[in-house]
Amino acid sequence: MVAELLRGLLTTLQEFLQTNLRGPVTYPYPEVQRPLRTRFKGVHELRRYSNGLERCIGCALCAAACPADAIYVEAGENTDEERYSPGERYARVYEINLLRCIFCGYCEDACPTNAIVLTDKIPPAGYTRESFIVTKAQLLVPPPPGVPGTPQRTTDPALRTRSIWEEGLVNEPV
Ligand code: SF4
Ligand code: SF4
């Protein structure tokens, strides 16, 4: 009985020493963040084309695909004087309620232009419920360096189609 107890304590001591020799297995967040998988589904982002135009065309397919009813989209009409995206429409209002969102990524899958994507950033904490409703201004990424943002004054929205640009597979039209 005592021998078994001592053997058990010895095993514990061995594990303790070995663990200390191996070093810590924990991450001191936020100084060091645990590596995330490339397909991690974090906070959303609304992306642009390389000419600064917004990818979102206000079709609301993401909202239709959302099982949590977390996305609200209101479309507006593009004009040559005020163009936000290629084609006829853009998202005049785009909001996501992160308290409703279950981070499934269906919005990303449904989007025909690869506009809404889930990044590898951890969703932020907040003190008020309202702060979890993220607006288009918060979601939209800045234009590439040296490129104007939106709205743009252009009669040539370039060669954009509604097809998804596959990064690394096809050259994105300029
Ligand atoms: S990740 Fe899922 S739940 Fe969240 S907004 Fe997108 S479709 Fe809706
Ligand atoms: S994010 Fe994509 S699916 Fe949603 S409204 Fe914009 S273009 Fe349509």
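Counting starts at 1 for both ligands and their atoms, in listed order. This is a predicted model, so every value here is computed, not measured. Note that these values count all heavy atoms, side chains included, but never hydrogens, waters or copies made by symmetry.
- Enclosure of atom CZ in R37 is not indicated, since only 12 or fewer non-hydrogen atoms of other residues, nucleotides or ligands lie within 6.0 angstrom.
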**OP:** Would you check, one step at a time, whether the test salt bridge (charged side-chain N to carboxylate O under 4.0 Å, His left out) holds for K121 with E45?
**Re:** CA-CA 10 Å; K121 298 187 189 86; E45 189 170 273; 3.4 Å; yes
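- Using a non-hydrogen distance threshold of 4.0 Å, K41 does not register as a contact of ligand 1.
- For atom 8 (Fe) of ligand 2, the closest heavy atom belonging to the protein is C59 SG, 2.2 Å.
- Residue contact annotation: C62 places no N/O/S atom under 2.8 Å from atom 8 (Fe) of ligand 1.
- Every atom of ligand 1 is numbered from 1 in the order shown, and the set under 4.0 Å from a heavy atom of I102 is 3 (S), 4 (Fe).
- Side-chain heavy atoms closer than 4.5 Å link hydrophobic residues (I, L, V, M, F, W, Y) into clusters, and following such links, possibly through other members, connects L139 to L98.
- A distance of 11.5 Å separates CG of L9 from CD of Q14, quoted to the nearest 0.5 Å.
- For atom 6 (Fe) of ligand 1, the closest non-hydrogen atom of the protein is C107 SG, 2.4 Å.
- In summary, the side chains of T135 and Q138 do present a donor paired with an acceptor at a separation below 3.5 Å, with no hydrogens or angles considered.
- Atoms of ligand 2 found under 4.0 Å from any heavy atom of P112 (numbered from 1 in listed order, with element): 3 (S).
- Remark: distances from the non-hydrogen atoms of A110 to ligand 2 are all 4.0 Å or more.
- Closest non-hydrogen pair, C101 versus H44, comes out as SG-CE1, 3.6 Å.
- Using a non-hydrogen distance threshold of 4.0 Å, A63 does not register as a contact of ligand 2.
- Residue Y106 qualifies as open at atom OH: its count of foreign heavy atoms under 6.0 Å is 12 or below.
- Using a 4.5 Å cut-off on side-chain heavy atoms (C-beta onward), Y49 and T113 make contact.
- Of all the atoms in ligand 1, the ones that sit under 4.0 Å from a non-hydrogen atom of C66 are 3 (S), 5 (S), 7 (S), 8 (Fe).
- Shortest non-hydrogen contact noted between V73 and A91 is CG1-CB, 4.3 Å.
- Residue-ligand proximity: G105 is placed with a non-hydrogen atom under 4.0 Å from ligand 1.
- Near I71, with a cut-off below 4.0 Å to any heavy atom, the atoms of ligand 1 are 5 (S).
- Summary of contacts: the protein heavy atom closest to atom 2 (Fe) of ligand 2 is C111 SG, 2.3 Å.
- Under 4.0 Å from ligand 2, the heavy atoms of A60 that appear belong solely to its backbone.
- N78 and G87 make their closest contact through ND2-O, 3.2 Å (heavy atoms, listed as atom of the first residue, atom of the second, distance).
- Near H44, the atoms of ligand 1 lying under 4.0 angstrom from a non-hydrogen atom of the residue are 1 (S), 4 (Fe), 5 (S), 6 (Fe).
- Here R100 has no heavy atoms under 4.0 Å from ligand 1, in either its backbone or its side chain.
- In terms of modelled atom types and a separation under 3.5 Å, the side chain of R55 and the main chain of R47 share no donor-acceptor contact.
- Side-chain N/O atoms of T150 and E54 include a donor and acceptor closer than 3.5 Å.
- Y90 and Y84 have parallel rings, their planes meeting at less than 30° on a 0 to 90° scale where 60° marks the start of perpendicular.
- Atom 7 (S) of ligand 2 has its closest protein heavy atom at I57 N, 3.3 Å.
- Remark: among candidates C101, C104, A68, the nearest residue to atom 4 (Fe) of ligand 1 is C101, based on non-hydrogen atoms.
- Those atoms of ligand 2 with a heavy atom of T113 less than 4.0 angstrom away are 7 (S).
- Each of the atoms 5 (S), 6 (Fe) of ligand 2 lies under 4.0 Å from some heavy atom of G58.
- For ligand 2, the atoms sitting less than 4.0 Å from at least one non-hydrogen atom of Y94 are 1 (S), 4 (Fe), numbered in the order shown with element in parentheses.
- Residue contacts with ligand 1, taken as heavy atom pairs separated by less than 4.0 Å, do not involve I116 at all.
- In summary, C56 places no N/O/S atom under 2.8 Å from atom 4 (Fe) of ligand 2, failing the contact criterion.
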